Amino acid sequence: MVDAKRTQALAKLGVDSIGDLVRHYPFRYLDLSIVADMRSVPTGVDATVVGRVHDIKVKHPRPRLSITEIALVDGTGALIGVWFNQPYMASRFRVGERVAFAGTVVFEYGLKQMRSPFVERLDDDGDGPGIARILPVHRATEGLSTNWIRRLVTEALALAGDVADPLPARIRAQRALVPLATALRDIHFPGTPDDVDRARRRLAYDELFAVQLTMRRRRQAVVDDIAGIAHEVTGPAIGALAAAVPFELTDDQKGALHDILGDMASERPMNRLLLGDVGTGKTVVAAHALAACADSGAQAAMMAPTEVLAMQYSRAVGPLLDRAGVSWALLTGSTKRSDRDRILASLADGSITVVFGTHALIQNDVVYQRLSLALVDEQHRFGVQQRLALRAKGVAPDLLVMTATPIPRSLALTLYGDLDTTYLRVRPGGRTADHVSTRVVPMSGRSDAYQSVKDAVGRGEQAYVVCALVDESDATQARAATTEARRLQRQVFPDLRVGLLTGQMSSADKIEAMERFRSGETDVLVATTVIEVGVDVPAATVMIVEDADRFGLAQLHQLRGRIGRAERPGTFLLFADPKTEDGRARMEAIAATNDGFELAELDLRLRGEGEVLGQRQSGVPGLRLASLATDGDLLDAAREDAAALMAEDPHLDDAAHVPLREDVALRVGAAWEWTSSG
């Protein structure tokens, strides 16, 4: 039934086996048991209508624009299906055939219309298949229609639909979950909408349960199954560093230190995520952990995603370590060969206690005498393998992962479920959330925004202008950093010093551009999102973001965190012209609140977890049906059940649990490894 051509088409959909096919779930359903008549169907709502093709037209109102119109009638009225620049659609219909259209109904030019509706051809017999049932719509591809996929899924279910259920019966009963065979049948061919809901709930639970089991196993491998280093956390170095900090720590920071130093004092390796909103002072907390390594006769490595950020950490923390008598170094890809050789030798013999750096810290020739703390900043910019590579440089070292990117709780439990979590929400120094004001600026307000930059520079302050692109692209009208820097220097700020910083510049050029801005030699820095994380220039108080509606809320919040970092307040100006409801909602939200965690939750609801999970951590199963925005109850249940099951049977060796172990291994692939107790 499946020839070579269709096999290739299925592969494009990620379907390579019968198991893949039964998990190629519908992305929508046509409820043909509830069909609206064309006379009374309301506008502005999603609906399904059934009728016969009455007329087929292709219009060319102007050059390079075609409009295909398919008129459908049902005895009560008419409705027009409209496709723009898709003239081939006309050949897919014939007058008199019976079809269903599904989509949003609009009223234009005196007629009810659906733009690019989903189309399902039905039997000519009004009582035949296709009526009084729910029709699944599976994602298709060229050479493989939805009808063909529906037929293939039917065959796959006949072959594998009665597969044994790997989920323990007691969990199914406790969580009121339908059997797997029932869920697979009903997700594809439901009899009622309730069947869809029950099937989706069971299959979504399975996905989340696999994630939580994966995280529990990962935690076993690096924490529960091995002994670590018990650090001295009340020694002279940490005491001297605490005395060198020129301000009182917030209660949040003190609580974070209690968590981190408590972990470090234990013989069990620390495995902790320090999640702090922008400006809440993670760096000084990390500095205390670094000092504890000195008191313990061990070493610490702090890895940052960029050279600019690694240098900044060395500049911010280095002086505190100096006052505490702790030796340190900076190692990046730009470190001179002679300096690198000296640093490597000092790490190997233990004369350097703390090293700041980038990926350079995990190169093969970097050897530590006794690495007891691996500290990774902005973990999402690395990956699990790089985190593990740094940890592998020592013998069961503690791990502290930090991020200034607020993450919704559900997403944190999914991506970082193997880590204990500590939150920082309060900003030190008395700075409140409204220390930076945010405004969405219409095109008519551009000159006033530029005047804000000039006024700030006149007060001895500095400004950023952030662009989404590095260079101009024919595919978009977004402003590009290189072009915008030239335009601003020549036309808008001829009397100011305008600099440029993009991720495509060489490391040396990026460092030079950042240093010129930090030292005050540059008044206005035009940049891409390379400045999004960690860059700290106290004199920067104004930021303009071009095409702001192209950014996610978390990214905008990170950018906003680059200004107003000292006593002087900041002004965050967003040039945006959003064309969608989601875009407008994001702009309203970023202007309304400075709470990063609130924005992260909203971003998850608006855009889903796809963008974050697009940078999927190695070994974390993908989610096809589960939604982290709406399935919080299922996630909590899966987390609780995974903890209980693995406490009872840590390696799932029991005969009743082996099918579950194998199912999770199939979902995750080679990254999943069970260490059998036998």
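Fair warning: this is a prediction, and the values are worked out from it, not measured in the lab. Side chains are part of it too, since the values below use all heavy atoms of this structure and drop only hydrogens, waters and symmetry mates.
Put simply, the side chain of Asp20 does not reach to within 4.5 Å of the side chain of Leu10, judged on heavy atoms. When side chains are defined from C-beta on, Leu208 counts as touching Leu623, because their heavy atoms get closer than 4.5 Å. Taking the side chain as every heavy atom from C-beta outward, Val105 and Met114 approach each other to under 4.5 Å. Residues Arg586 and Leu556 form no side-chain contact, since every pair of their non-hydrogen atoms from C-beta on lies 4.5 Å or further apart. When side chains are defined from C-beta on, Arg150 counts as touching Leu135, because their heavy atoms get closer than 4.5 Å. With a 4.5 Å cut-off on side-chain heavy atoms, Thr502 and Met505 count as touching. Inter-residue side-chain proximity for Ile134 and Pro193 is flagged as met; some heavy-atom pair is nearer than 4.5 Å. The closest side-chain heavy-atom distance from Leu413 to Asp636 is below 4.5 Å.
Side chain of Arg667 to main chain of Val211: no donor-acceptor pair is present (N/O by atom type, distance under 3.5 Å, no hydrogens or angles). Without hydrogens or angle criteria, Arg202 side chain to Val178 main chain gives a donor-acceptor distance under 3.5 Å. Under a 3.5 Å cut-off, the side chain of Lys393 and the backbone N or O of Gln363 do form a donor-acceptor pair. Asp418 contributes no side-chain N or O that, together with a main-chain N or O of Arg218, makes up a donor-acceptor pair within less than 3.5 Å. Of the possible donor and acceptor atoms, one in the side chain of Glu207 sits under 3.5 Å from a partner among the backbone N and O of Ala626. Side-chain atoms of Asp549 do not come within 3.5 Å of backbone N or O of Ala576 as any donor-acceptor pair. Remark: the backbone N or O of Pro650 is paired with a side-chain donor or acceptor of Gln220 at under 3.5 angstrom. Formation of a donor-acceptor pair under 3.5 Å by the Asp186 side chain with backbone atoms of Pro190 is not found in this model. Here the side chain of Asp165 pairs no donor or acceptor atom with the backbone of Ala181 at under 3.5 angstrom. Side chain of Tyr29 to backbone of Ile187: a donor-acceptor contact under 3.5 angstrom is found.
When the shell of 6.0 Å around CG of Asp162 is examined, it contains 12 or fewer heavy atoms from other residues, nucleotides or ligands. Around CZ of Arg172, the count of heavy atoms belonging to other residues, nucleotides or ligands within 6.0 Å exceeds 12. Arg139 CZ: 12 or fewer foreign heavy atoms inside a 6.0 Å radius.
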_Audit row: Arg201, Asp631, salt bridge (charged side-chain N to carboxylate O under 4.0 Å, His left out) steps and yes/no_ = CA-CA 9 Å; Arg201 180 177 173 80; Asp631 288 328; over 6 Å; no

_Test side-chain contact (heavy atoms from CB on, under 4.5 Å) applied to Ile531 and Leu559, step by step_ = CA-CA 7 Å; Ile531 64 156; Leu559 290 169; 4.1 Å; yes

*asked:* Test side-chain contact (heavy atoms from CB on, under 4.5 Å) on Ile70 and Val119; report intermediate values, then the result.
replied: CA-CA 11 Å; Ile70 308 298; Val119 179; over 6 Å; no

*Would Leu419 and Leu399 count as a side-chain contact (heavy atoms from CB on, under 4.5 Å) if you check the C-alpha gap in whole Å, the side-chain angles of each, and the deciding distance to 0.1 Å?*
CA-CA 9 Å; Leu419 303 173; Leu399 175 70; 4.2 Å; yes

*Go through Leu660 and Leu213 one step at a time and tell me if the side-chain contact (heavy atoms from CB on, under 4.5 Å) criterion holds.*
CA-CA 10 Å; Leu660 176 62; Leu213 287 170; 4.0 Å; yes

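Atom-to-atom distance recorded for Thr48:OG1 and Leu30:CG is 5.0 Å, nearest 0.5 angstrom. For the atom pair CG of Leu180 and CG of Leu203, the computed distance is 6.5 Å after rounding to the nearest 0.5 Å. Atoms CZ and CG, on Arg639 and Asp641 in that order, are 12.0 Å from each other to the nearest 0.5 Å. Taken from CG in Asn147 to CG in Leu152, the straight-line distance is 11.0 Å, to the nearest 0.5 Å. The CD atom of Glu546 sits 9.5 Å away from the CZ atom of Phe551 when rounded to the nearest 0.5 Å. Rounding to the nearest 0.5 angstrom, the gap separating the CD atom in Glu155 from the CG atom in Leu157 is 10.0 Å.
Side-chain contact check for Arg391 and Asn271: at least one donor-acceptor pair (N or O, by modelled atom type) lies under 3.5 Å.
Salt bridge Asp195/Arg185: absent, no basic N to carboxylate O contact under 4.0 Å.
The two atoms that bring Ile56 and Ala90 nearest to each other are CG2-CB, 3.8 Å, heavy atoms only.
Below 30°, between 30° and 60°, or above 60°: for His138 and His188 the angle between ring planes is below 30°, a parallel geometry.
Annotation: side-chain hydrogen bond (donor to acceptor under 3.5 Å, both in side chains) contacts of His24 (sequence neighbours excluded): none.
Residue pairs meeting the ring-ring contact (aromatic ring centres under 6.0 Å, His included) criterion with at least one partner in residues 191-214, sequence neighbours excluded, are Tyr205-Phe209.
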